[in-house]
2 protein chains.
Amino acid sequence: MTSRAGARKRDTYRHGNLRNALVQAGLELVRSGGPDAVVLREVTRRVGVVPNAAYRHFADRNALLRAIRQASLAQLAAAMETELAALPPADDPVESARARIRALATSYLRFARAEPGLFRAAFSTTDMADTENESADGPGGLTAFQLLGAALDDLVESGALPPDRRPGAEYFVWSAVHGLAVLLIDGPLRGLLPIQAHEAGQRLMESIERGI
Amino acid sequence: MTSRAGARKRDTYRHGNLRNALVQAGLELVRSGGPDAVVLREVTRRVGVVPNAAYRHFADRNALLRAIRQASLAQLAAAMETELAALPPADDPVESARARIRALATSYLRFARAEPGLFRAAFSTTDMADTENESADGPGGLTAFQLLGAALDDLVESGALPPDRRPGAEYFVWSAVHGLAVLLIDGPLRGLLPIQAHEAGQRLMESIERGI
DNA sequence: GCACCTTGTGTACGATGTCCACATTGCCGC
DNA sequence: GCGGCAATGTGGACATCGTACACAAGGTGC
């Protein structure tokens, strides 16, 4: 055998695309094991490079983790965009705006449950200084947070939400959905059966709509 | 000097109360640095004992971390109980029940912001198998979750909440509060000024009351 | 064609979690 | 009282980890 699975021995001295390869390998690790699974030596091992090579592209393990986190956030945003795009066109602007918010919440929760590792990584605090918007957007160029904000704006525009209740609304919606996601994937609500989790999600979205 | 601060050299061969001392030292570490700061060797160092001594009381680092987590949860529950106890007596049972829920939410958020390390530890996933109720209760014998459940029951009893909306209500309330707490202490909402954070909390509690 | 800057390598160090064998001692039945 | 045993603490060792420092390889610009 040449080396570890997926790490074919390179014939060129230079790798050519190391930085990106490291992030990809890191994503694999994070996917099955969360942020703690991102072991620098293992990442470089998978890419077929010596540990120190990573230091030519990242200041330290934390910097690599930050890049992986951005990529995870981008995947979340992408999943949300996809869900939005799949929404059937609606005539009623009110119902349309509501449907979009539901879709965003649904895809957020689904992503968290389908990819808990990525989700954990996306919101893990690697260290205090974070850029928060470096490249966390999806293909459409909007972050998850911005997608939510836009949907809420539409809700106001459609007349379903009084403008004076608009400020701070994303904090409430986001908190509720994020909270359930966290409690489900590694809080005390982990262990809930998929059906129960789904019901909790439905119940949550009802209350969000009422409380917004 | 004898040894590290707080770790006076013991004259007896036996420590006498090692298990507890380890948890206490662990709590100190977790308090300023979160779960990752719980380094087994450092914990034993502080207690003035050799690293391996910990293995007489905990299977491994994870087991120690679990104990610390339980203690953190207990502190959270205690903070919530204290807040409840400080509530002025009210005649109106509806308003009384509402006030209790607000008090619980407030103390939850305050605890998260005042003790982010403990809070993170309380909800960190050390590993998959968790007991969830081993000794996570406060002095009153109720966990944070149970305190919330009781307040919601009272809300139903007072007539302010229709019984058919009771099931699953704690999931909603807990999710919303927990979500904001997490976003504030190590999510993208960290960095909010204290005033802003407080406002977000107020706004959240309004929406919770409306959406419940 | 050659010096240089970038990128990958080799070696090394201190720290960590945990294993195994050994030391110390409180407590039990006698 | 006392002798042995189970409980508790110690010492040393090992693999692994993040990372620092010096060196090698090789594209690139003059």
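To find a chain, count down the sequence lines: A is the first, B the second, and so on, and within it residues start at 1.
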*OP1 or OP2 of C:dG8 under 4.0 Å from side-chain N/O of A:His57*: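 For C:dG8, OP1/OP2 do have a side-chain N/O of A:His57 under 4.0 Å.
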
_From C-beta outward on A:Val39, which listed nucleotide comes closest to its side chain: C:dG8, D:dT19, D:dC17?_
D:dC17

_Proximal nucleotide (of D:dG11, C:dT9, D:dG18) relative to the A:Val50 side chain_ =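 So the nucleotide nearest the side chain must be C:dT9.
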
*Taking for each residue the nucleotide of DNA chain C bearing the nearest heavy atom, is the 5' side occupied by B:Glu42 or by A:Asn17?*
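First, find each residue's nearest nucleotide; the 5'-ward one identifies A:Asn17.
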
Enumerate donor-acceptor pairs with a distance under 3.5 Å from any side-chain N or O in residues 51-60 of chain B to protein atoms, sequence neighbours excluded.
| residue | atom | partner | partner atom | Å |
| --- | --- | --- | --- | --- |
| B:Asp60 | OD1 | B:Asn62 | N | 3.3 |
| B:Asp60 | OD1 | B:Ala63 | N | 3.0 |

*Anything under 30° is parallel, anything over 60° is perpendicular, the rest tilted; go ahead and classify A:Trp174 against A:His178.*
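Plane angle over 60°, so perpendicular.
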
*Footprint string (nucleotides 21-26 of chain D, 5' to 3'): B base within contact, S backbone only, - free, heavy atoms under 4.0 Å*: BBBBBB

I need the [atom1]-[atom2] distance between [X] and [N], as an integer number of Å.
| X | N | atom1 | atom2 | result |
| --- | --- | --- | --- | --- |
| B:Leu65 | C:dG17 | CG | P | 11 Å |
| B:Leu40 | C:dA15 | CG | P | 16 Å |
| B:Arg61 | D:dC17 | CZ | C1' | 14 Å |
| A:Asn62 | D:dG18 | CG | C1' | 11 Å |
| A:Phe58 | D:dT19 | CZ | C1' | 16 Å |
| B:Asp36 | D:dC17 | CG | P | 16 Å |
| B:Leu29 | C:dG17 | CG | P | 11 Å |
| A:Arg45 | C:dG10 | CZ | C1' | 16 Å |

*Indicate, yes or no, whether a donor-acceptor pair under 3.5 Å links the base of D:dT19 to the side chain of A:Arg41.*
yes

*Does any non-hydrogen side-chain atom of A:Leu118 lie less than 4.5 Å from one of A:Gln75?*
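Yes; the side chains approach each other to less than 4.5 Å.
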
*Please walk me through it: do A:Arg165 and B:Glu206 pass salt bridge (Lys or Arg N to Asp or Glu O under 4.0 Å)?*
CA-CA 11 Å; A:Arg165 278 231 298 281; B:Glu206 275 178 42; over 6 Å; no

*Is there a salt bridge (Lys or Arg N to Asp or Glu O under 4.0 Å) between B:Arg31 and B:Glu28 once you walk through the steps?*
CA-CA 5 Å; B:Arg31 212 154 168 276; B:Glu28 272 181 40; over 6 Å; no

_Please check: side-chain N/O of A:Glu83 versus main-chain N/O of A:Ser107, any donor-acceptor pairing under 3.5 Å?_
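Looks like no, no N/O pair under 3.5 Å.
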
*Tell me yes or no: between the side chains of B:Arg203 and B:Ser207, is some donor less than 3.5 Å from an acceptor?*
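Side chains of B:Arg203 and B:Ser207: pair found under 3.5 Å.
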
